[in-house]
Amino acid sequence: GRTIAVFTSGGDSQGMNSAVRSVVRMGIYLGCKVYFINEGYQGMVDGGDNIRLADWNSVSDIIQKGGTIIGSARCADFRTPEGRLKACFNLLERDITNLVCIGGDGSLTGANQFRKDWPDLIKDLVQQGKITQEKADANPNIQIVGMVGSIDNDFCGTDMTIGTDSALQRIIEAIDAVVSTAQSHQRSFVVEVMGRHCGYLALVTALASEADFCFIPEWPPPSNWRDILCAKLQQQRKEGQRLNIIIVAEGAIDRDGNPITAELVKDVVNKTLKYDTRVTVLGHVQRGGAPSAFDRLLGCRMGAEAVLALMEMTPESEPCVISIDGNQMVRVPLMQCVARTQKVQAAMNEKNWELAVQLRGRS
Ligand code: ADP
């Protein structure tokens with residue numbers, strides 16, 4: 001059996017534990033040795049107790065927990081060749097040359113960089129006398145499989161990322177709660193949801209909660225959005241609606257690139273229509289709490305597929321990500337997905353919204 005290590009990196013999301021559990025159990029089932037790496041790349045660079053052997057029971061009772069029990073972190077060291085050299089040594093010391101990375105596009109980019117550097121890193125380690133030439137020859141490269149853990153659903157190449165569905169549930173519960181009080185008092189509520197670059201959470205929850213209006217970064221409204229918004233809200237009230245719900249993604253902007261914040265929207269509605277308007281910022285509540293059945297299952301399926309993919313990989317194999325495509329688990333070249341995800345951002349920076357939306361869709 002092979003020696004595998006699993007880690008979570010970047011922002012946490014619900015369902016990561018399920019993915020970790022699945023990697024550990026599938027790995028052990030197939031006769032592999034499986035390690036946890038705590039605190040993402042930081043644990044890989046620091047080594048020591050951060051890298052510890054997993055057993056079947058070490059992943060019981062975690063599937064229902066939000067976040068990630070093995071910790072996640074952002075790590076500046078791993079962005080440097082020196083940091084990656086330490087990480088390489090720590091892995092080789094334990095004969096780990098199979099990695100499962102659960103994180104966002106940043107973490108996966110880092111993993112790809114690590115694999116590209118690997119041949120140079122082992123050469124350096126041999127020169128420094130830290131590993132033998134035999135060890136270097138036996139491990140000419142590292143095999144890497146990624147899974148995307150992110151509540152934002154901001155990664156191209158997969159229908160859903162691990163954590164998105166749970167975040168949607170959390171937002172919907174919050175909006176339902178706000179609706180009942182808004183109804184009583186004939187209020188308007190502006191609800192801010194996460195999504196700095198990606199409006200998926202805002203768009204989907206707006207549809208699912210019958211919101212009157214929604215602002216997302218990929219489809220900024222023209223500069224007269226205040227008039228459009230107020231006309232729409234007024235019309236809803238005329239038709240007998242006692243309340244208004246407006247969803248604003250964190251990263252919402254207008255066509256000129258000016259931010260549209262929940263506070264700003266509230267002021268517009270307050271001043272123009274004189275409706276009693278309140279802001280609710282959901283914040284980290286959206287990342288927390290128990291994962292939904294969908295995310296638990298998604299983590300399970302992706303984790304198992306990740307180990308199966310590793311079993312077939314050789315040192316020559318390019319890294320892949322496990323994605324869900326039409327309810328099937330599929331393997332997609334990692335860099336292809338990362339490149340496309342970065343292209344979306346570039347298109348948005350260039351205010352080419354049509355291209356951004358097109359790239360976000362299916363290939
Ligand atoms: P996410 O994975 O959620 O997108 P980040 O972009 O913060 O989060 O990336 C997480 C970590 O991945 C970073 O703190 C860093 O350690 C590593 N990383 C990201 N990009 C690179 C890169 N280009 N080279 C090396 N490591 C990287």
Side-chain angles (χ1 to χ4, degrees), residues 5-17 19-20 37-47 50-51 66-68 70-91 99-121 141-142 144-158 160-164 166-167 194-198 200-201 217 250-251 284 286-288 295 299 302 306 318-323 334-346 348-349 360:
V6 59
F7 64 101
T8 51
S9 171
D12 70 334
S13 68
Q14 308 97 323
M16 280 183 161
N17 285 327
V20 168
I37 303 174
N38 288 347
E39 323 306 338
Y41 289 119
Q42 196 62 56
M44 201 187 288
V45 171
D46 294 343
N50 290 300
I51 308 176
T68 164
I70 56 175
S72 186
R74 301 226 146 80
C75 170
D77 291 339
F78 197 75
R79 293 180 184 272
T80 68
E82 298 75 34
R84 293 196 289 274
L85 189 71
K86 285 187 197 157
C88 177
F89 176 74
N90 288 329
L91 296 183
L99 274 189
V100 179
C101 170
I102 308 169
D105 63 330
S107 304
L108 298 175
T109 306
N112 190 65
Q113 187 61 46
F114 193 39
R115 185 179 174 280
K116 276 203 265 179
D117 281 5
W118 186 274
D120 291 333
L121 297 175
N141 218 322
I142 184 153
I144 297 173
V145 176
M147 280 181 259
V148 189
S150 161
I151 64 163
D152 294 333
N153 207 22
D154 54 355
F155 193 77
C156 295
T158 186
M160 286 288 262
T161 57
I162 298 170
T164 301
S166 304
M194 282 186 168
R196 252 188 273 276
H197 311 292
C198 183
Y200 186 87
L201 293 177
E250 255 178 338
H284 282 79
Q286 296 163 87
R287 315 187 90 96
D295 279 328
M302 285 187 169
E318 291 292 327
C320 69
V321 286
I322 306 303
S323 72
L334 186 148
M335 274 331 281
Q336 188 181 305
C337 300
V338 169
R340 187 160 160 161
T341 303
Q342 288 168 350
K343 255 196 224 164
V344 172
Q345 196 50 50
M348 284 168 65
N349 292 344
R360 268 277 160 69

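One-based numbering, in listed order, for ligands and for the atoms of each.
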Requested in this report: Run the numbers for me: atoms of ligand 1, each under 4.0 Å from some heavy atom of Ser9, listed by number.
Outcome: 10 (C), 11 (C)
Report summary line: From the list Leu99, Val100, Thr8, side-chain contact (heavy atoms from CB on, under 4.5 Å) with Ile37 holds only for Leu99
Query raised in the report: Heavy-atom distance under 4.5 Å between the side chains of Asp77 and Lys86, does that happen here?
Result: no
Report summary line: Among Arg84, Lys116, Arg79, the residue with a heavy atom nearest to atom 21 (C) of ligand 1 is Arg79
Report task. Would you please test Asn112 and Val338 for side chain to side chain contact (heavy atoms under 4.5 Å, CB included) and show each step? Result -> CA-CA 10 Å; Asn112 190 65; Val338 169; over 6 Å; no
Query raised in the report: Identify the closest protein heavy atom to atom 27 (C) of ligand 1: which residue and atom is it, and at what distance?
Result: Gly110 CA, 3.5 Å
**Report entry** Which atom of Ser13 lies closest to which atom of Ser150, heavy atoms considered
**Finding:** OG-N, 3.5 Å
Requested in this report: List the closest protein heavy-atom neighbour of atom 5 (P) of ligand 1: residue, atom name, distance to the nearest 0.1 Å.
Outcome: Arg74 NE, 3.7 Å
Query - Enumerated ligand 1 atoms positioned under 4.0 Å from heavy atoms of Tyr41 - result: 12 (O), 16 (O), 17 (C)
Query raised in the report: Cut-off 3.5 Å, side chains only: do Ser166 and Asp295 have a donor facing an acceptor?
Result: yes
**Report entry** Minimum side-chain heavy-atom gap Arg84-Met44 below 4.5 Å
**Finding:** no
Requested in this report: May I ask you to identify the nearest protein heavy atom to atom 23 (N) of ligand 1, giving residue, atom name and distance to one decimal place in Å?
Outcome: Thr109 CG2, 3.8 Å
Report task. Indicate yes or no: does an N/O atom of Gly104 lie under 3.5 Å from an N/O atom of ligand 1? Result -> yes
**Report entry** Minimum non-hydrogen distance to atom 15 (C) of ligand 1, winning option of Ser72, Cys101, Cys75, Ala73
**Finding:** Cys75
Report summary line: Tested for side-chain contact (heavy atoms from CB on, under 4.5 Å) against Gln42, the lone hit among Ser72, Cys75, Ser9 is Cys75
Query raised in the report: Counting each atom of ligand 1 from 1 as listed, which ones have a heavy atom of Phe78 under 4.0 Å away?
Result: 16 (O), 25 (C), 26 (N)
Query raised in the report: So is Gly106 polar-close to ligand 1, meaning N/O to N/O under 3.5 Å?
Result: yes
Query raised in the report: Which is closest to atom 10 (C) of ligand 1 by heavy-atom distance: Ala111, Ser107, Gly11?
Result: Ser107
**Report entry** Side chain proximity check, Thr164 to Leu201, heavy atoms < 4.5 angstrom
**Finding:** yes
